[in-house]
Structures are given as C-alpha cells and as structure tokens.
4 protein chains.
Amino acid sequence: MMKLAPPTTRHRRKEARPQELLDAALALFVRKGFSAARSEEVAALAGVSKGTLYLYFPSKEELFKAVVRRNLSALIAEGQQIADRFEGPSAQLLRLLMHTWWQRVGSTPAGGIFKIIVAEVRNFPELAQFYTDEVVVPAQRLIAGTLQRGIDRGEFRPVPLPEATHTLIAPLLFLALYQHSIGACAMMRPGLKPEALIDAQIDLMLHGLSPHTSTPLRRPRRSRA
Amino acid sequence: MMKLAPPTTRHRRKEARPQELLDAALALFVRKGFSAARSEEVAALAGVSKGTLYLYFPSKEELFKAVVRRNLSALIAEGQQIADRFEGPSAQLLRLLMHTWWQRVGSTPAGGIFKIIVAEVRNFPELAQFYTDEVVVPAQRLIAGTLQRGIDRGEFRPVPLPEATHTLIAPLLFLALYQHSIGACAMMRPGLKPEALIDAQIDLMLHGLSPHTSTPLRRPRRSRA
Amino acid sequence: MMKLAPPTTRHRRKEARPQELLDAALALFVRKGFSAARSEEVAALAGVSKGTLYLYFPSKEELFKAVVRRNLSALIAEGQQIADRFEGPSAQLLRLLMHTWWQRVGSTPAGGIFKIIVAEVRNFPELAQFYTDEVVVPAQRLIAGTLQRGIDRGEFRPVPLPEATHTLIAPLLFLALYQHSIGACAMMRPGLKPEALIDAQIDLMLHGLSPHTSTPLRRPRRSRA
Amino acid sequence: MMKLAPPTTRHRRKEARPQELLDAALALFVRKGFSAARSEEVAALAGVSKGTLYLYFPSKEELFKAVVRRNLSALIAEGQQIADRFEGPSAQLLRLLMHTWWQRVGSTPAGGIFKIIVAEVRNFPELAQFYTDEVVVPAQRLIAGTLQRGIDRGEFRPVPLPEATHTLIAPLLFLALYQHSIGACAMMRPGLKPEALIDAQIDLMLHGLSPHTSTPLRRPRRSRA
DNA sequence: AATGAATGAGATTTCATTCAT
DNA sequence: GATGAATGAAATCTCATTCAT
C-alpha cells in the first residue's frame with residue numbers, strides 16, 4: 001500500500017545502484033581510460049564492493065557499453081527534435097545546436113566519452129559499429145541537414161556538405177577531447193571559453209576570414225586593390 | 001668462431017635498434033593503445049626478443065615516452081621555418097601549412113601520436129607539460145602568427161586569435177584522430193579525402209557560409225582563373 | 001493481510017523443505033559434481049532462494065554430507081532383510097538382490113551417489129569412514145553372506161569370499177558409475193541393458209566361461225584333448 | 001658442436017618441464033579432483049611458479065586434457081599387441097592382459113585418471129568423446145576379441161559378448177577407482193590384493209560358482225600340480 | 001521463515017620485467 | 001649484446017556466505 005511511502009534504505013539503494021555505478025564508471029573511464037581503470041576502483045567510487053558491480057553488469061566491457069549507451073543515446077534524438085521544430089534562420093539553428101550540445105554533453109562528464117572511444121575503439125570492434133550507428137551517423141545527418149536547410153533557403157553558399165559538416169563538428173569535439181586529456185593536466189593557460197569559441201566559430205563559419213565588402217570577394221588580397 | 005665475419009649487418013642493426021624499436025612501438029601503440037600493446041609484440045615487430053627491448057629502454061613506460069618525444073620533436077621547427085620564409089598571401093600560407101602538415105604528419109604513423117597523447121596523457125602527467133611546450137604552444141603560435149599576419153596585411157578580418165586558431169587546427173587533428181580510431185574499423189563510409197577537406201576548410205574559413213557575393217563560390221581555387 | 005489464508009500449502013512445504021533441498025542437491029551434485037554445482041542452483045531447483053538453503057544447512061559442505069547420508073542410509077537394511085527371509089536357492093537370492101539393488105538404487109538418482117563418493121571422498125575424509133561403515137561393510141557382508149550360504153548348502157564352490165564378493169559387486173556399481181559419467185554424454189552406443197547384464201553376469205558367475213562336461217575342467221584347452 | 005655435451009641446467013629443465021608439469025597435474029588431479037586442484041599447487045608441485053605453468057599449457061582445462069592424452073593414449077596399442085602375438089590358451093591371455101593392465105595402469109598414478117574421468121567428464125563434453133574413442137572402444141574391442149577367440153577355439157562357452165566384457169572389465173576398473181577414492185582414506189581394512197583378485201576373478205569367470213565337478217577347484221593354477 | 005543484495009576471499013590468467021645462459 | 005624461461009604482482013570474475021529487510 002502507498003507506493004509513495006519512502007522506500008527502505010536497502011531498496012532505494014538497489015534502484016539507484018545501476019546509475020551510481022554508471023556514473024562512477026564514466027568518471028573513472030574518462031580519467032584513466034577503459035583498460036587502466038580497475039573494476040574494483042569503479043565499485044569503490046560507487047561505494048560498493050567488487051562483487052556488487054558484477055551483480056549489475058556481467059563484465060567490464062558490458063559496463064563500458066552501458067556507459068556509452070546511457071550517456072549518448074538519449075542525446076541523439078534531442079538535437080534532431082530541436083532542428084525539426086526550429087523556424088528561424090539556419091545560422092541561428094547552428095548556433096543553438098552547438099550551444100545545446102556543449103551544455104548537455106561537452107561540458108559534462110559525458111564529454112569524456114569521446115576520449116574513451118578514440119582511445120579504445122580499435123580494441124572493441126563491436127563498439128565501433130555501435131558508436132557509428134548511434135552517434136556518428138545521426139550527428140552528421142543533423143548538421144548536414146542544417147547546412148542543406150541553409151543552402152535551400154538561400155542563407156548559405158552551396159558548400160560541399162561532408163567537408164563542411166566535419167569542419168563544423170570537429171572544433172567542438174576536439175575541445176571536449178582536449179579538456180579531458182591535455183587540458184585536464186593543470187598548468188595550462190586558462191584555455192578557451194567554450195561558449196566564446198562557439199560564437200567565434202559560428203561567426204567565422206558564416207563570414208569567413210576575408211574582410212568582405214559590398215563587392216564579391218574572390219581572392220581577398222587582390223579584391224582590396 | 002667467425003664472430004668477426006659479417007660486421008656490417010650486425011653493426012648497422014645495432015645502431016639502428018633504438019629507432020627500429022621506437023618505430024615498432026609507435027605502430028603498436030597507435031594500433032592498440034599503450035596498455036593493450038604487449039612489450040613482446042613490440043620486440044617481435046622490431047625483430048628482436050623481449051629481453052633486447054629492455055637493453056634499450058628501462059621500462060615500457062619509458063619506451064612510451066621516448067616514442068612520443070622522438071616523433072614529435074622533429075615536427076616543431078619545420079612549420080615555423082616555412083612560415084618565416086613565406087612571402088605570398090596569408091590564405092595561401094595557411095593552405096600550405098595545412099597541406100604540409102597533412103603530408104608530413106597526418107597521413108603518416110606520426111598522426112597516430114595524437115591519439116596516444118589524448119588517450120594516455122592523464123596517466124603520464126609529465127607528458128602533458130612536454131607536449132604542451134613542444135607541440136601545442138608552437139603550433140598555436142604558428143597558426144596564430146599566420147592569422148595575425150593576414151590581419152596585419154589587411155587580408156583577414158580582425159578575428160579573435162585563440163578561437164580562430166582552434167577552429168583552424170581542430171578539423172585536421174580531429175581527422176587524424178578519427179582515422180586512427182573509428183575510421184580504422186572498416187565498414188565506415190569511404191570517409192573524407194583529407195586533401196579535399198583541407199581545401200574546403202580553407203574556403204569556408206576565408207569566405208564563410210554566407211553568400212556575400214552575387215555568385216556562389218564553390219571552388220575557391222578555381223575562382224582565380 | 002490474509003497471512004492466515006493458505007496454511008496447508010505453506011506448512012506442507014515447510015516440512016518438506018529439507019527433503020526437497022536434498023533432492024535438488026543430489027540431482028545437481030550428480031550432474032555437475034560438488035564444486036561445479038552452485039548453491040544458488042540447488043536452491044533454485046528446490047524452488048527456494050539462496051538464503052533459505054542456509055536456514056536448513058549451515059554450509060554447502062554440510063549439505064553435501066547430508067545428501068550422502070540421507071540417500072544411503074535407507075539402502076542398508078533392506079537388502080539384509082531380503083536375504084534373511086529368503087528360503088530358495090542361493091543363486092536365485094543373488095539374482096534377487098542384484099535386481100532389487102538395480103531397481104531401488106542403480107536406476108535411480110541415488111545411483112549417482114557412488115559417482116559423488118568416488119569423486120569427492122578424498123576431500124571429505126569423514127565421509128570415507130561413514131561410507132565404509134554404512135555402505136561398504138554391510139554390502140560386502142550381505143553378498144559375502146549369501147556366497148557363504150551357497151557354499152554351505154553345497155550350491156557353490158568354496159571360492160575365496162572377498163575376491164568373489166568384489167567380482168560380483170563391481171559390475172553393477174561400475175554400470176551405475178558409467179551411466180552418470182561417460183554414459184550420460186550422448187553419442188554412445190545404446191549401451192547395455194542393465195537387467196540383461198545382471199542375468200548374464202549371474203549366469204557367468206554360476207557356470208563360468210568354460211564349457212564344462214562331466215569331468216573336472218582344470219585347464220580348459222587341454223581338458224578337451 | 002658436440003650435441004652430446006651435457007645440456008645446461010636451464011635447457012635440461014626446459015625440456016623436462018612439460019612432463020614434470022603433467023606428472024604434477026596428474027598427481028594433484030587424482031588426489032583432489034580437477035576443480036579442487038589449484039593451478040598454483042600444480043605448478044608448486046612441479047617446482048615452478050604459477051606463470052610457468054601457463055608457458056606450457058594455455059589453460060587448466062588444456063592441461064587436464066594433456067594429462068589424459070599423455071597417460072592413456074600410450075596404453076591403447078600395447079594391449080592389442082600382446083593379444084595379437086599371443087598363441088596360448090585364451091584363459092591365459094585374459095589373465096595376462098589383466099595382470100599387464102594392473103601393472104602398467106591400475107597400480108600407477110595413471111589408474112587415478114579413471115576417477116577423474118568419472119568425476120568430471122560431464123563438465124567436459126569433448127573429453128567424453130575423446131575418452132570413448134581412445135579408451136573405451138579399444139579396450140572393449142580387446143576384451144571382446146579375446147572372448148571371441150576363446151569361443152572360436154572351443155575354450156569358452158558362447159556367452160553374450162557385451163555383457164561378459166563388461167563383467168570382466170568392471171572389477172579391475174572398479175578396483176582402481178576404489179583405491180583412489182575410499183581406499184585412499186587410511187583406516188580401511190587392508191583391502192584386496194589386486195593380483196589375488198585378478199586370479200580369483202579369472203577362476204570364477206572360467207569355472208563359475210557352481211560345483212560342476214566332484215572336486216572343488218579353489219586355486220586353478222595350483223590345481224595343475 | 002524467507003529473501004536476495006551485498007560481500008570479499010580466492011581462482012584463473014596475463015604480462016612487464018629479470019637474469020642465467 | 002641477445003635471448004627467452006621464469007617470475008609474481010595484479011586484474012577480472014565467481015560464488016559461498018551473511019544479514020538487513
């Protein structure tokens with residue numbers, strides 16, 4: 001009776017365990033990498049013993065996959081929904097998508113997953129397929145679609161889609177990667193403000209380096225003359 | 001008897017050993033990561049036995065550091081020299097630097113070093129300092145300097161240097177990273193042609209997405225004709 | 001609420017628990033051996049949870065001993081009673097004892113106990129004494145007594161008792177052993193019919209391989225000449 | 001030069017290692033069973049460390065199979081050769097085969113393999129096939145062939161071959177089993193003398209329990225005198 | 001009495017490193 | 001210098017057992 005009654009300690013913990021373990025695993029995998037992170041450390045970070053971890057995940061590898069699924073799969077649909085509903089200018093949509101991504105992924109522990117993927121994917125072939133299907137393809141579709149939208153609406157020049165997509169995505173992912181690798185090792189200069197980077201990047205992408213005037217600028221230097 | 005017989009081969013090999021071991025280690029570390037690469041495999045790939053490896057490097061960890069140092073130190077000076085000597089338009093210099101980097105680093109095994117750095121730097125803190133000093137700072141100085149050159153010469157708009165630098169560097173490094181991680185796991189779409197990516201990126205960076213002119217610019221280089 | 005509702009089922013089960021657990025343990029120990037059988041499997045097979053098993057038996061080891069004791073103790077007296085009451089020819093008594101044993105033990109799960117004993121007795125020294133006292137000695141007494149009875153009544157030759165007893169018992173026990181080990185692994189030829197084996201064995205034991213005539217047959221071949 | 005020169009300590013050990021490990025494994029597997037015997041104990045008994053064991057056998061299971069192969073495969077052909085060359089009476093051949101088996105197998109550590117097989121074969125299905133092919137079938141063929149030989153030569157009655165074969169083999173195997181299980185647990189009565197058992201069994205098998213002659217035959221062999 | 005989440009000792013297996021040859 | 005047999009610390013994973021509910 002009264003399902004709302006406060007669950008017992010034991011039960012509350014039971015239900016929270018998987019998430020606690022996934023959080024601990026994410027933190028440790030990001031910090032040390034998949035193989036350097038010991039199962040027992042993950043368990044300890046989640047406040048349980050070694051054996052308990054294996055009550056919830058059958059192997060370290062499955063734990064890793066669960067971390068990826070849990071932290072990335074949810075995010076895929078979101079971006080697409082934002083794009084589908086958006087009605088304003090394409091440049092603004094690009095900016096929105098990037099800021100959203102940074103807030104939801106890049107600036108969170110989940111941003112470290114890209115580092116793990118990069119570091120370990122060659123040793124886990126099935127993960128490569130999973131990650132490509134679940135993350136790479138949808139993300140590219142989203143950005144490429146937005147570019148196409150801008151082109152169709154006359155907002156963007158007809159740039160080559162795959163290359164432009166890569167050029168747009170790379171700086172953000174690279175920043176996430178950086179922050180969880182070299183950037184995490186103190187002593188660095190303060191580094192870029194991600195939000196500022198995004199804005200600057202959007203500006204650069206929209207208007208280019210060349211100081212265009214009212215006349216078409218084909219070759220920047222000569223056009224001034 | 002006859003130990004004196006074929007001195008050339010033996011001596012040549014002896015002197016070449018360290019480099020052969022470093023090459024083998026680089027290849028294996030890039031392919032499998034630091035901890036998954038077994039010392040014995042490295043030795044085997046270099047054509048020596050396990051014990052011999054330890055005659056040249058006191059531990060796997062030191063071998064790893066030597067690999068990184070060895071393969072990055074060469075890269076530093078080159079770019080700066082190219083920039084210092086260059087006299088043409090800044091956009092062309094950017095393009096030259098990027099193509100050169102791709103030919104000399106991105107498309108070679110050394111391109112995999114960035115993956116190793118990203119994967120392991122947090123477990124080897126002293127590498128972080130080394131890498132920052134030897135690679136990150138000079139590279140940023142090089143690109144930022146080129147941007148500044150363009151701005152000074154009136155070729156580029158006065159964009160914020162750090163952000164623009166990042167935006168220029170990221171896609172190339174990211175491509176290198178990608179090719180040594182997910183991109184190495186078959187079954188992917190053919191992928192981008194790096195050379196084409198560089199050109200498209202330069203075009204995008206110079207002119208932006210927005211159609212400032214009356215005629216769209218698809219192939220900047222051709223637009224000269 | 002309604003905890004009082006179905007008392008019959010609950011009470012019946014409660015009293016039957018130990019036996020259900022012993023049966024489950026017997027089945028699993030016979031199938032997998034003592035260490036390969038997991039406690040939880042035993043409990044599950046008995047329809048209870050892991051914890052409940054430990055309410056009835058303080059450890060897996062004690063459970064094992066209880067299984068052996070429980071399933072062997074019943075077997076002892078029966079055979080002796082049959083023998084004590086029997087009035088016909090000794091050969092017929094032997095046959096009766098063997099068939100009875102096969103029906104009651106050899107062909108039932110209890111037949112697998114011998115396999116467990118053989119496999120584990122060295123790791124459970126106290127079982128050895130128990131098994132010797134409770135099974136080996138009475139069984140040998142029973143068979144040896146029957147042989148003696150036959151000899152006394154002039155039905156059998158005066159053979160050496162210990163050896164003849166062994167020779168009579170071994171084939172049946174061995175068959176039981178076989179059926180729970182190699183014989184359980186499919187792909188075998190259909191195998192012996194136990195009942196037929198018993199009859200053939202009795203015939204062999206009674207009349208021997210030699211084609212005896214009216215004259216004593218000491219060395220078969222030469223005796224023909 | 002001088003391949004006959006005494007090998008170095010290191011080398012001598014290297015070559016002897018596999019056999020030393022197999023012997024240690026056999027002893028321990030027989031004593032404790034497969035799963036209760038720890039890999040480290042096996043290594044220690046062979047005078048090496050845990051790791052060394054894995055230099056020679058890729059897993060405990062493979063070690064186990066190697067033990068079985070090594071100790072049983074050699075025995076197969078021998079018996080058949082003895083039978084093929086034998087020219088005397090079939091009863092004597094049976095006796096010879098049995099005594100030989102006892103000397104070469106039953107009374108040696110290899111006799112304990114049957115216990116291991118019985119105990120573990122259900123958990124190693126491929127072992128069942130191997131053992132059936134390599135041991136069971138050839139052994140049955142050997143004994144059945146000898147019986148047939150006796151029947152053909154008029155030395156034996158035409159008994160049913162499968163059952164008689166089983167009846168002949170079982171007591172010996174059972175004795176081996178017994179000695180490595182209950183029989184190994186001290187405090188037992190002295191037990192049967194295997195050699196005497198074999199003789200008594202042969203006598204029993206040849207002449208049966210029934211007194212066909214006017215004079216009882218207690219000791220067939222002595223009856224010649 | 002019954003449950004099953006949690007524990008942690010212990011087993012197998014790997015591999016960086018050593019060192020006798 | 002070169003080798004590769006040997007080592008043993010360490011990692012993953014299992015499972016008998018406990019105990020809060």
Side-chain angles (χ1 to χ4, degrees), chain A residues 7-15 17 35-43 47-63, chain B residues 3 10-11 13-14 17 34-44 47-63, chain C residues 3 10-11 13-14 17 35-44 47-63, chain D residues 7-15 17 35-43 46-63:
Chain A
T8 62
T9 301
R10 185 79 85 117
H11 280 155
R12 171 155 44 217
R13 304 207 72 184
K14 165 71 192 307
E15 278 149 32
R17 277 288 140 74
S35 45
R38 287 162 44 223
S39 297
E40 193 161 12
E41 276 182 292
V42 172
V48 300
S49 76
K50 208 177 9 167
T52 301
L53 173 60
Y54 285 87
L55 243 38
Y56 294 90
F57 302 95
S59 73
K60 193 184 173 189
E61 190 170 330
E62 285 302 320
L63 171 64
Chain B
K3 293 271 166 120
R10 180 175 276 262
H11 277 125
R13 296 213 66 190
K14 196 188 297 188
R17 279 286 148 73
F34 172 70
S35 47
R38 289 164 48 218
S39 296
E40 190 160 16
E41 275 183 291
V42 172
V48 300
S49 76
K50 221 178 350 177
T52 303
L53 174 60
Y54 283 85
L55 293 176
Y56 294 91
F57 301 94
S59 73
K60 193 185 174 188
E61 192 170 324
E62 288 303 321
L63 171 64
Chain C
K3 293 268 165 125
R10 180 176 276 262
H11 277 125
R13 297 213 66 189
K14 195 188 296 186
R17 279 284 147 74
S35 46
R38 288 163 50 217
S39 296
E40 191 161 15
E41 275 183 290
V42 172
V48 299
S49 77
K50 220 178 351 175
T52 303
L53 174 60
Y54 283 85
L55 293 177
Y56 293 92
F57 301 94
S59 74
K60 193 185 174 189
E61 191 170 324
E62 287 304 321
L63 170 64
Chain D
T8 62
T9 302
R10 187 79 87 115
H11 280 155
R12 170 154 45 218
R13 304 209 71 184
K14 164 72 191 305
E15 277 149 32
R17 277 286 140 74
S35 44
R38 287 163 41 223
S39 296
E40 192 161 12
E41 278 182 290
V42 172
V48 299
S49 77
K50 215 175 3 167
T52 302
L53 174 61
Y54 284 87
L55 244 38
Y56 294 91
F57 301 94
S59 72
K60 194 183 173 190
E61 189 170 330
E62 286 303 320
L63 172 63

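The chains referred to below are lettered A, B, ... by the order of the sequence lines, with proteins before strands, and numbering in each begins at 1.
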Original post:
Reading nucleotides 11-17 of chain E from the 5' end, what letters show protein touch, with B for base, S for backbone sugar-phosphate only, - for no heavy atom under 4.0 Å?
Top reply: SSBBSSB

Original post:
Partners of A:E41 by side chain to side chain donor-acceptor pair (under 3.5 Å), sequence neighbours excluded?
Top reply: A:K32

Subject >> Counterpart residues, side chain to side chain donor-acceptor pair (under 3.5 Å), relative to C:S49 (two or more places apart) >> reply: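 Residues passing side chain to side chain donor-acceptor pair (under 3.5 Å) with C:S49: C:T52.
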
Original post:
For A:E61, which residues count as a salt bridge (charged side-chain N to carboxylate O under 4.0 Å, His left out) partner, sequence neighbours excluded?
Top reply: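 Testing A:E61 for salt bridge (charged side-chain N to carboxylate O under 4.0 Å, His left out), a comparison that skips the adjacent residues, returns none.
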
Only counting residues at least two apart or in another chain, list the ones meeting side chain to side chain contact (heavy atoms under 4.5 Å, CB included) with [X].
| X | answer |
| --- | --- |
| A:E40 | A:R38, A:K50 |
| D:F57 | D:L21, D:L22, D:L53, D:L63, D:A66 |
| C:S35 | D:S35 |

Original post:
Taking a pair as Watson-Crick (N1 to N3 plus N6-O4 or O6-N4) or G-U wobble (N1-O2 and O6-N3), both under 3.5 Å, which stems of 3 or more consecutive pairs involve DNA chain F?
Top reply: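 Paired runs of 3+ in DNA chain F: E:2-21 with F:2-21.
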
**OP:** Using whole Å, report how far OH of A:Y56 lies from P of E:dA5.
**Re:**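 Those two atoms, OH and P, are 6 Å apart.
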
**OP:** Using whole Å, report how far CG of A:L53 lies from C1' of F:dT12.
**Re:** 10 Å

Original post:
Looking only at heavy atoms, which two atoms of D:S59 and D:Y54 are closest? And how far apart?
Top reply: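 Shortest heavy-atom separation between D:S59 and D:Y54 comes out as CA-CE2, 4.0 Å.
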
